[in-house]
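Reading through the structure tokens given below for one structure.
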There are 2 protein chains.
Amino acid sequence: MADVKRSRIQTENRAAILAAALEVFSADGYRGATVDRIADAAGMSKPNLLYYYKSKEEIYREVLESTLEGWLEPLAAMDPAGDPFVELDTYIRAKVAMALARPAESRMFANEVQRGAPLMRDFLEGRLKTLVDEKAAVIGGWMDRGLMARTDPHHLIFMIWATTQHYADFDTQVQAILGARAGGPGFEDEVVTAVSGMVLSGLRVGP
Amino acid sequence: MADVKRSRIQTENRAAILAAALEVFSADGYRGATVDRIADAAGMSKPNLLYYYKSKEEIYREVLESTLEGWLEPLAAMDPAGDPFVELDTYIRAKVAMALARPAESRMFANEVQRGAPLMRDFLEGRLKTLVDEKAAVIGGWMDRGLMARTDPHHLIFMIWATTQHYADFDTQVQAILGARAGGPGFEDEVVTAVSGMVLSGLRVGP
DNA sequence: GTCTATATCCGGATAGAC
DNA sequence: GTCTATCCGGATATAGAC
């Protein structure tokens with residue numbers, strides 16, 4: 001896929017399709033999305049779109065796979081040798097930034113998982129589980145060394161995922177409740193401060 | 001709606017339709033769901049189903065509205081006169097129990113919000129916002145009185161929502177990572193302990 | 001490479017027999 | 001109240017002209 005030689009127009013059109021598909025899939029899910037709306041959003045006709053990707057599923061797989069890796073990076077970057085609170089704060093900061101910068105990707109994954117992850121099962125049980133188990137062990141190590149309070153590392157990771165992705169997946173709800181406060185220029189800092197503060201303050205070890 | 005007289009068979013069929021619809025809508029979203037699959041799951045023919053509900057949208061509205069109120073109750077029950085940690089722990093406990101007992105409802109709401117909440121907008125900006133603002137003020141009052149550490153009350157509520165609903169909406173992912181540990185008999189307690197512990201420990205005021 | 005036209009199927013909804 | 005049959009719009013995908 002990645003090594004095929006393509007003309008400039010091909011590259012551009014494929015990119016336009018993937019960008020359009022991301023928006024449609026994230027809003028309506030795989031079943032609810034239509035090739036028609038993707039083609040519209042990509043500014044081309046439906047047959048033309050199907051010249052680049054043979055089927056709706058092929059587009060979906062491509063969008064999923066091309067964005068998945070990016071969401072693993074911040075967790076993978078967590079350094080066992082670092083200070084737990086610096087590492088966790090950095091992680092939370094990165095996840096909040098991603099949720100606010102690329103909410104459509106977050107919603108697409110949420111959608112896929114909510115329908116039982118038919119296309120992501122292997123990824124969830126394989127690469128993701130391996131990475132999470134590994135990082136849970138890192139966090140457990142910090143606890144063993146008395147650097148942070150004891151809690152279940154897996155649930156701590158779930159908590160960070162849930163709280164950060166909430167601002168992407170439930171953006172509509174957050175905006176309905178916070179009004180103009182949400183989405184403004186200082187909002188990312190506000191969220192990072194609140195989330196990081198609440199998550200980490202409970203993990204500090206008493207002096 | 002509620003006052004119309006109905007035969008026993010009508011009552012049963014309508015209930016079967018709503019139960020089936022909940023499953024289908026929660027997995028595939030409004031657009032992705034089909035009347036056919038709902039009818040199948042309800043054990044009746046499509047025309048027969050449409051004898052009870054005139055359209056797919058009517059079914060959807062009914063399922064949404066009939067389940068919405070239940071999810072507000074635990075928050076509404078939070079008592080300003082109570083102890084903050086008892087009240088918040090009770091709230092978290094109730095939300096975890098609901099997420100594990102009725103995950104399909106949680107996923108259906110998540111789906112509706114993720115697609116921009118076309119049918120729940122008024123609810124989000126009205127009843128929900130009012131309730132959240134009111135309870136945020138209650139939490140703010142506890143902070144003013146020095147009963148708990150200071151943090152943004154709205155984000156605290158979001159955090160409780162996100163962490164508890166995570167176990168319903170991302171159930172597939174949680175199971176992929178935790179394996180047999182998830183879903184077992186002691187799992188609800190495990191989740192309550194982890195979530196309540198992490199959320200509340202950071203809010204305790206120093207001795 | 002991109003279009004028009006179209007084959008084919010599926011989904012929502014209705015008509016009318018029983 | 002429940003069924004079979006069916007209409008019709010919309011959806012995926014393809015054929016073939018340009």
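Keep in mind the model is a prediction, meaning the values are calculated, not measured. Naming: A, B, ... by sequence-line order, numbering from 1 per chain.
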Next on the checklist: Going 5' to 3' along DNA chain C, which are the first and last nucleotides with any atom under 4.0 Å from a heavy atom of chain A?
Outcome noted: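 Range of nucleotides within reach of chain A: dG1(C) to dA5(C).
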
Checklist entry - When the distance from OH of Tyr30(A) to C1' of dA11(D) is rounded to whole Å, what number comes out? => result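 So the OH-C1' distance, Tyr30(A) to dA11(D), works out to 12 Å.
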
Checklist entry - Which whole-number value in Å describes the distance from Tyr51(A) OH to dA15(D) P? => result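 Taking OH of Tyr51(A) and P of dA15(D), I get 15 Å after rounding.
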
Throw together a table of side-chain donor-acceptor distances under 3.5 angstrom for residues 66-78 of chain B, partners on residues two or more places apart or in other chains.
residue  : atom : partner   : partner atom : Å
Ser66(B) : OG   : Glu62(B)  : O            : 3.0
Ser66(B) : OG   : Val63(B)  : O            : 3.1
Thr67(B) : OG1  : Val63(B)  : O            : 2.8
Thr67(B) : OG1  : Leu64(B)  : O            : 3.1
Glu69(B) : OE1  : Arg127(B) : NH2          : 2.9
Glu69(B) : OE2  : Arg127(B) : NE           : 3.2
Glu69(B) : OE2  : Arg127(B) : NH2          : 3.4
Trp71(B) : NE1  : Glu105(B) : OE1          : 2.8

Item to check | Pairwise side chain to side chain donor-acceptor pair (under 3.5 Å) hits with a residue in residues 15-29 of chain B, at least two apart | outcome: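 Qualifying pairs: Asp28(B)-Arg37(B).
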
Next on the checklist: Between the opening five pairs and the closing five pairs of the helix from dG1(C)-dC18(D) to dC18(C)-dG1(D), how far apart are the helix axes, to 10°?
Outcome noted: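 The value is 10°.
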
Checklist entry - Which of residues 32-41 of chain B have a heavy atom under 4.0 Å from DNA chain C? => result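 Those residues whose heavy atoms fall under 4.0 Å from DNA chain C, taken from residues 32-41 of chain B in numerical order, are Ala33(B), Thr34(B), Val35(B), Asp36(B).
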
Checklist entry - Can you list the residues that meet the ring pair (Phe, Tyr, Trp, His ring centres under 6.0 Å) rule with Tyr60(B), with sequence neighbours excluded? => result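 Ring pair (Phe, Tyr, Trp, His ring centres under 6.0 Å) list for Tyr60(B), sorted by chain: Phe25(B), Tyr30(B).
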
Next on the checklist: Suppose we screen for ring pair (Phe, Tyr, Trp, His ring centres under 6.0 Å). Which residues come up paired with Trp161(B), at least two apart in sequence or across chains?
Outcome noted: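 Phe158(B).
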
Item to check | Residues forming a salt bridge (charged side-chain N to carboxylate O under 4.0 Å, His left out) with Asp79(A), sequence neighbours excluded | outcome: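 Expected list: none.
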
Next on the checklist: My understanding is that only residues two or more places apart in sequence, or in another chain, count here; which of them pass salt bridge (charged side-chain N to carboxylate O under 4.0 Å, His left out) with Asp36(A)?
Outcome noted: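 Asp36(A) satisfies salt bridge (charged side-chain N to carboxylate O under 4.0 Å, His left out) with Lys46(A) only.
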
Checklist entry - Which residues pass the side-chain contact (heavy atoms from CB on, under 4.5 Å) test with Thr130(A), sequence neighbours left out? => result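 Result, side-chain contact (heavy atoms from CB on, under 4.5 Å) vs Thr130(A): none returned.
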
Item to check | Which residues share a side-chain contact (heavy atoms from CB on, under 4.5 Å) with Asn111(B), sequence neighbours left out | outcome: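 Testing Asn111(B) for side-chain contact (heavy atoms from CB on, under 4.5 Å), a comparison that skips the adjacent residues, returns Asn111(A), Gln114(A).
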
Just distance, no hydrogens or angles: give the donor-acceptor pairs under 3.5 Å from side chains in residues 180-189 of chain A, sequence neighbours left out.
residue   : atom : partner   : partner atom : Å
Arg181(A) : NE   : Glu190(A) : OE2          : 3.1
Arg181(A) : NH2  : Glu190(A) : OE2          : 2.8
Arg181(A) : NH2  : Asp152(B) : OD1          : 3.4
Arg181(A) : NH2  : Asp152(B) : OD2          : 2.6

